2 protein chains.
Amino acid sequence: MENSVFKALAHPARRQLLALLRKGPRLAGDLAAEFEASWPTMSRHLAVLKEAELITAERQGNQILYRVNTSVLEDAATALLGLLGRDNGDDDLKEAAE
Amino acid sequence: MENSVFKALAHPARRQLLALLRKGPRLAGDLAAEFEASWPTMSRHLAVLKEAELITAERQGNQILYRVNTSVLEDAATALLGLLGRDNGDDDLKEAAE
DNA sequence: CTGCTAATTAGCAATTATGCTAATCTCTGG
DNA sequence: CCAGAGATTAGCATAATTGCTAATTAGCAG
């Protein structure tokens, strides 16, 4: 649901994870290494993001590759813009405001 | 801080408050009346939004008028779009909104 | 000052989030 | 099978959030 997305975005470490993934898919351990927090802690943050469907996981043999789920992030941004009462300007969103 | 903004957005009641305020400024009691939760509870949600500077409060005699702080909400939306790696081009935001 | 309405703050219980260490799982390679 | 790396899950303690009722503040009218 939408709510889990915003709750997932509420933690700075998770937003930073998304920022890292923005540049391309990365392995779990690779991501965890960028943070001060312990590996299990980062693993949990990744799980929260996955639960909100903000990221997807794919096993690559021994390791796990994460990537951003762009459309869900887009939906969240669109929801915020909707709160502004302004049109998004996104290609596939047409408003019916008169 | 940016973080308090996303934390404030994490609760559905607070996003709904913003949605109500999107259409124009409203009195605290007027807003509280729209929710099932008790008035003090809504008052606290308003305080969280104010703390994040997503809204501003203005006394009108006996009552308090709240309004959305558009720029902070814009910043949050922009931050999300930034996570998408796409350019939002809102330097000006003078796009003809409808 | 008293009383009244609008709204916030205090205090409390219950739930949820965070972050650690230890234990477990999954896969690869001998 | 066993050993090891990569990663998650379990369990626990602490902190933060949520939402209530009761108490309090702020302003207005008499």
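Note that the coordinates shown come from a computational prediction; the quantities given were computed from them, not determined experimentally.
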Exercise. Counting N and O atoms only, with roles assigned by atom type, does the side chain of A/Arg15 sit under 3.5 Å from a partner on the main chain of A/Leu9, one being a donor and the other an acceptor?
Worked result: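 The answer is yes, because a donor-acceptor pair under 3.5 Å joins these two groups.
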Exercise. Would you find a donor on one side and an acceptor on the other, under 3.5 Å apart, between the side chain of B/Thr78 and the backbone of B/Glu74?
Worked result: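 Yes, because the side chain of B/Thr78 sits within donor-acceptor range (under 3.5 Å) of the backbone of B/Glu74.
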Using atom [atom1] of [X] as one end and atom [atom2] of [N] as the other, report the distance to the nearest whole Å.
{"X": "A/Lys7", "N": "D/dT17", "atom1": "NZ", "atom2": "C1'", "result": "10 Å"}
{"X": "A/His11", "N": "D/dT17", "atom1": "NE2", "atom2": "P", "result": "11 Å"}
{"X": "A/Ile64", "N": "C/dC25", "atom1": "CD1", "atom2": "P", "result": "15 Å"}
{"X": "B/Leu27", "N": "C/dA7", "atom1": "CG", "atom2": "C1'", "result": "11 Å"}
{"X": "B/Glu58", "N": "C/dA6", "atom1": "CD", "atom2": "C1'", "result": "16 Å"}
{"X": "B/Asn62", "N": "C/dT5", "atom1": "CG", "atom2": "C1'", "result": "6 Å"}
{"X": "A/Glu36", "N": "C/dT18", "atom1": "CD", "atom2": "P", "result": "18 Å"}
{"X": "B/Leu65", "N": "D/dA26", "atom1": "CG", "atom2": "C1'", "result": "16 Å"}

Which of these nucleotides, [options], is closest to any side-chain atom of [X]?
{"X": "A/Pro40", "options": "D/dT9, C/dT8, C/dC20", "result": "D/dT9"}
{"X": "A/Ala37", "options": "C/dA7, C/dC20, C/dT8", "result": "C/dC20"}
{"X": "B/Tyr66", "options": "C/dA7, D/dA7, C/dG19", "result": "C/dA7"}
{"X": "A/Arg14", "options": "C/dT18, C/dC27, D/dT8", "result": "C/dT18"}
{"X": "B/Thr41", "options": "D/dA7, D/dG19, C/dA7", "result": "D/dG19"}

For this session: Between A/Gly61 and A/Ala10, just flag the one whose closest nucleotide in DNA chain C comes earlier from the 5' side.
Result: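 Nearest nucleotide further toward 5': that of A/Ala10.
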Problem set entry | hydrophobic_cluster_shared for B/Leu18 and A/Leu80, side chain cutoff 4.5 Å |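 Same hydrophobic cluster.
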Exercise. Below 3.5 Å, does any donor atom in the side chain of B/Arg44 face an acceptor in the base of C/dG11, or the other way round?
Worked result: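 Such a pair is found, so the answer is yes.
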Exercise. Would you say the side chain of B/Arg59 and the base of D/dG27 hold a donor-acceptor pair, judged only by whether the two atoms sit under 3.5 Å apart?
Worked result: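 Absent.
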For this session: Could you check A/Leu65, A/Val68, A/Thr56 and say which one makes a side chain to side chain contact (heavy atoms under 4.5 Å, CB included) with A/Pro25?
Result: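 That would be A/Leu65.
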For this session: Could you tell me whether A/Phe35 contacts a base, only the sugar-phosphate backbone, or nothing, with contacts defined as non-hydrogen atoms closer than 4.0 Å?
Result: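 Nothing: the residue A/Phe35, judged by heavy atoms under 4.0 Å, touches no strand.
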For this session: Respond yes when some side-chain nitrogen or oxygen of B/His45 is under 4.0 Å from OP1 or OP2 of D/dT17, and no when none is.
Result: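 No, outside the criterion.
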For this session: Report yes if at least one side-chain N or O of A/Ser38 is closer than 4.0 Å to OP1 or OP2 of C/dG19; otherwise report no.
Result: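 The answer is no; no side-chain N or O of A/Ser38 sits under 4.0 Å from OP1 or OP2.
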Exercise. Salt bridge between A/Glu2 and A/Lys7, side-chain N to carboxylate O under 4.0 Å?
Worked result: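 No, no charged N to carboxylate O under 4.0 Å.
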